J.: 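This is the structure I have questions about; it appears just below.
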Amino acid sequence: MPRSRWIWGVWALVLSSYLVPYTLLAKVQAWYGSFLFWTLVGLGVILLNIVITRDFKRK
């Protein structure tokens with residue numbers, strides 16, 4: 001898969017980290033609702049960055 005599609009995936013996760021806590025999780029009164037979501041999104045971004053940069057070569 002081209003690298004640009006993975007980069008769009010990172011941007012989609014970043015956008016969802018703003019939208020989901022303020023829309024879908026707005027009624028959750030406990031702090032762990034959005035914290036769990038942000039933790040999972042953070043792990044997803046880390047994994048996508050590994051996939052994006054795995055083909056970089058040392059010079």
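Here the structure is a predicted model, which is why all the values come from computation and not from measurement.
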J.: List the atom of Ser16, the atom of Val41, and the distance in Å for their closest heavy-atom pair.
T.: OG-CG2, 4.3 Å
J.: Going hydrophobic residue to hydrophobic residue with side-chain gaps under 4.5 angstrom, can you get from Trp6 over to Trp11?
T.: yes
J.: Rounded to the nearest 0.5 Å, what's the gap from CD1 on Ile50 to CD1 on Ile46? Could you check?
T.: 7.5 Å
J.: For Pro21 and Ser34, which heavy atoms make the closest approach, and how far apart are they?
T.: CB-CB, 3.9 Å
J.: At what distance, to the nearest 0.5 angstrom, does CD1 of Ile7 lie from CG of Asn49?
T.: 9.0 Å
J.: Say whether Val14 and Leu43 are linked into one hydrophobic cluster, either directly or through other cluster members, by side-chain heavy-atom distances under 4.5 angstrom.
T.: no
J.: Could you grab the distance from atom CH2 of Trp8 to atom CG of Leu15, nearest 0.5 Å is fine?
T.: 10.5 Å
J.: May I have the step-by-step check of side chain to side chain contact (heavy atoms under 4.5 Å, CB included) for Leu47 and Val51, ending in yes or no?
T.: CA-CA 6 Å; Leu47 290 175; Val51 169; 5.7 Å; no
J.: In Å and rounded to the nearest 0.5 Å, what is the OG1 to CG distance from Thr53 to Leu48?
T.: 10.5 Å
J.: With hydrophobic residues grouped by side-chain heavy-atom distances under 4.5 Å, do Val28 and Leu36 end up in a single group?
T.: no
J.: Looking only at non-hydrogen atoms, find the nearest pair between Tyr18 and Tyr22 and report the distance.
T.: O-CD1, 2.9 Å
